[in-house]
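Report on the structure given below.
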Amino acid sequence: MPAVIIRKVKPEDLDRVAEIESICFPAAEAASRNSFQARIAAFPDYFLVAEDKTNAKLIGFINGCVTNSPVIYDELFYDTSHHIPDGQNLTVFGLDVISEYRRQGVAAQLMKHFIQLGKKSNRKNVLLTCKEELVHYYESFGYVNQGRSQSNHGGAIWYDMILAL
Ligand SMILES: CC(C)(COP(=O)(O)OP(=O)(O)OC[C@H]1O[C@@H](n2cnc3c(N)ncnc32)[C@H](O)[C@@H]1OP(=O)(O)O)[C@@H](O)C(=O)NCCC(=O)NCCS
């Protein structure tokens with residue numbers, strides 16, 4: 001397990017965050033730099049980064065907004081005006097770890113910290129959408145699969161996952 005610091009995003013992390021996203025997701029699914037700039041401005045409290053303690057390099061991140069919707073819908077990804085600061089449900093828009101650091105529990109650390117944020121801010125649920133191959137991974141944190149999502153983000157098939165807090 002690498003020595004990792006999980007911390008809140010800073011505005012100066014923007015370029016590296018956008019770079020990590022472009023490494024981790026195909027172009028049709030990757031959020032743009034502009035999108036990250038808007039998200040960091042709108043909900044910095046729900047945007048965590050993982051930093052390698054040995055060299056301060058950013059190696060991953062997790063982010064999402066707050067909503068009263070019971071599921072994630074595509075407009076949430078593109079328009080930060082859908083963020084409802086006192087809403088019931090925290091969402092996960094993306095969980096990214098660069099390949100050299102994968103399968104060592106870095107994403108799990110990011111997810112656990114994010115779930116704690118949801119608990120501390122008294123949210124009812126954490127919501128995310130994922131592809132079929134990662135359903136079992138999110139189930140390991142307690143998420144329950146609610147079946148096929150209406151989202152067709154990036155032209156892919158997604159599953160709605162919900163974690164009751
Ligand atoms: C998914 C991702 C965030 C996992 O990061 P990580 O730091 O390697 O995750 P962890 O070390 O906490 O957990 C690893 C576990 O995740 C699961 N997993 C990761 N990628 C997987 C894949 N492509 N298929 C199936 N299971 C996978 C496995 O259960 C794996 O455990 P194992 O090594 O014992 O098989 C990382 O692979 C990534 O950034 N992928 C590209 C972006 C992405 O798909 N993000 C998820 C969006 S919903």
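Predicted model, so just to flag it, every value in this text is computed and none were measured. Atoms within each ligand, like the ligands themselves, are counted from 1 in listed order.
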Below 4.0 angstrom from a heavy atom of [X], which ligand 1 atoms are there? Numbered from 1 as shown, please.
X    : value
D96  : 39 (O)
A108 : 12 (O)
Q104 : 11 (O)
A107 : 3 (C), 4 (C), 5 (O), 6 (P), 7 (O), 9 (O), 12 (O)

- prompt: What closest approach, in Å, do F47 and V17 show between heavy atoms, and which atom pair accounts for it?
  reply: CZ-CG1, 3.7 Å
Identity and distance of the protein heavy atom lying nearest [atom]:
atom                    : result
atom 26 (N) of ligand 1 : H136 CE1, 3.4 Å
atom 48 (S) of ligand 1 : Y138 OH, 3.4 Å
atom 11 (O) of ligand 1 : G105 N, 2.7 Å
atom 1 (C) of ligand 1  : L134 CD1, 3.9 Å
atom 23 (N) of ligand 1 : E133 CG, 4.5 Å
atom 39 (O) of ligand 1 : V97 N, 2.9 Å
atom 43 (C) of ligand 1 : F25 CZ, 3.5 Å
atom 17 (C) of ligand 1 : Y137 CD1, 3.8 Å

- prompt: Any protein heavy atom sitting closer than 4.0 Å to atom 33 (O) of ligand 1?
  reply: yes
query: Any side-chain heavy-atom pair from L128 and T91 closer than 4.5 angstrom?
result: no
Option set K131, R103, R102, criterion heavy-atom distance to atom 22 (C) of ligand 1, minimum: R103
Heavy-atom proximity to atom 45 (N) of ligand 1, best of I20, V106, L95: L95
message: List the residues meeting side chain to side chain contact (heavy atoms under 4.5 Å, CB included) with E19, not counting sequence neighbours, and say none if there are none.
response: R16, I23
query: Would you call R148 and E132 a salt bridge, using N to O less than 4.0 angstrom?
result: no
query: Any salt bridge between R7 and D13, counting N to O under 4.0 Å?
result: yes
- line: Which of L117, L163, L90, N89 passes side chain to side chain contact (heavy atoms under 4.5 Å, CB included) with R123? Answer is L90
task: Kindly confirm or rule out a cation-pi arrangement of R33 over F36, judged by NZ or CZ under 6.0 Å from the six-membered ring centre and within 45° of its axis?
output: no
query: Side chains of H153 and Y73: do they bring a donor and an acceptor to under 3.5 Å?
result: no
query: Judged by modelled atom types alone, do N63 and Y46 share a side-chain donor-acceptor pair under 3.5 Å?
result: no
query: Once you round to the nearest 0.5 Å, how far does OH of Y143 lie from NE2 of H136?
result: 15.0 Å
task: Report the part of T129 in contact with ligand 1, treating N, CA, C, O as backbone and CB onward as side chain, heavy atoms under 4.0 Å; options are side chain, backbone, both, neither.
output: backbone
